[in-house]
Structures are given as C-alpha cells and as structure tokens.
Amino acid sequence: MIKSDFDIVDHLAASNSDFRVLFEQHILLEQDLEALYSLKYFPPEVESRIKEIKKSKLKLKDHMQVFINQYKNQ
C-alpha cells in the first residue's frame, strides 16, 4: 500500500462506518494471527486456524479495497 492509500484508509475509517467495521475486523484478525504465530509449536488445529484467519483477512482487504477504489474515483 502506498502512502496516499494510508491517508485514504485513515479518512475512510474516520468517515465511513461500514469501512471502519471492516478495518477493525481486519485489525482484530491480525492480532489473533500474531498471537498464534507467537506459539513455539503449531498443532494441526492451530495451522488450520491460521489458514482461516488469513483467508478472512484477504476477504476483508478485498472489501476495503472496493471502498478505497470508489474513493479514488470520486
């Protein structure tokens, strides 16, 4: 993400409640992922959860990108 996109994300998070919800969910998933990565050993169920979180984060990022693209096209 380039600098201008960070500015857009900040603006949208402050002004658009739908975007803010997506952004906050993305942050929470990132925190969950970091907590799982801090484990020294990944049992199969943890590896599975990591994959689920990554997929969810990508979906949220795609949804947020739609908002960003709409904002850029205004």
Would you list the atom pairs, donor with acceptor, under 3.5 Å between side chains in residues 8-21 and any protein atom, with sequence neighbours excluded?
residue : atom : partner : partner atom : Å
S15     : OG   : H11     : O            : 2.8
N16     : OD1  : D18     : N            : 2.9
N16     : OD1  : F19     : N            : 3.0
R20     : NE   : A13     : O            : 2.7
R20     : NH2  : A14     : O            : 3.3

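The CG atom of D62 sits 11.0 Å away from atom CG of L22, with the distance rounded to the nearest 0.5 Å. The CG atom of L28 sits 12.5 Å away from the CG atom of L33 when rounded to the nearest 0.5 Å. Here the CD1 atom belonging to I53 is positioned 11.5 Å from the CG atom belonging to L60, to the nearest 0.5 angstrom.
Scored by the salt bridge (charged side-chain N to carboxylate O under 4.0 Å, His left out) test, R49 finds E52 as partners (sequence neighbours excluded). In this structure N69 satisfies the side-chain hydrogen bond (donor to acceptor under 3.5 Å, both in side chains) test together with Q65, sequence neighbours excluded. Not counting sequence neighbours, the partners of V46 by the side-chain contact (heavy atoms from CB on, under 4.5 Å) test are L36, L39, F42, P43, I50.
By the criterion of side-chain heavy atoms lying less than 4.5 angstrom apart, applied directly or through intervening Ile, Leu, Val, Met, Phe, Trp or Tyr residues, L29 is grouped together with I27 in one hydrophobic cluster.
Residue pairs that meet the side chain to side chain donor-acceptor pair (under 3.5 Å) test with at least one member in residues 21-45, sequence neighbours left out, are E30-K57, Y37-K54.
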